[in-house]
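See below for the structure under consideration.
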Amino acid sequence: MEHRQILTNALAENTEALAALERDHARMVEASLDSNADDEHDPEGATIAFEREQITAALARTRAARERIDAALAELEAGRYGICSSCEKPISLERLEARPLATQCIRCASTR
Ligand SMILES: [Zn+2]
């Protein structure tokens, strides 16, 4: 796969994940509005609070990943994407396909 393709795929995946999480989040907000699901003493409420935390955390992670993908796309435009931040050598395509946001080559990442 080409660099641009790797990032395009990562962006598409992220967009999809974000949309799904935003739907879950909206549903969750709605559900908590028409019930007193916030009550910590209600075992059901505790489960919902836990789920809410999970969704909120996943949303934050996915949004942060989106920013990193956008930054990687800017690096791609600048011809800097896929260059190891430590040794300045190209990161293998294999590694980038597995981890599109890797900033270090496998060698530098494993000596850390
Ligand atoms: Zn390196």
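For the numbers below, each heavy atom of this structure counts, side chains included, while hydrogens, waters and symmetry mates do not. Atoms within each ligand, like the ligands themselves, are counted from 1 in listed order.
Residues Asn9 and Glu13 bring no donor and acceptor atom of their side chains to less than 3.5 Å of each other. Between Ser86 and Arg107, the side chains place no donor N or O within less than 3.5 Å of an acceptor N or O (distance only, hydrogens not considered).
Around the Zn ion (ligand 1), the protein contributes the following N, O or S atoms at distances under 2.8 Å: Cys84 SG, Cys87 SG, Cys105 SG, Cys108 SG.
Using a cut-off of 4.0 Å between Lys/Arg side-chain N and Asp/Glu carboxylate O, Glu88 and Arg80 are scored as salt-bridged. Using a cutoff of 4.0 Å between basic side-chain nitrogens and carboxylate oxygens, Arg63 and Glu22 are scored as salt-bridged.
A distance-only check finds no donor-acceptor pair linking the side chain of Asn14 to the backbone of Ala65 [under 3.5 Å].
Counting all heavy atoms, side chain and backbone alike, Tyr81 lies closest to Ile6 at OH-CG2, 3.8 Å.
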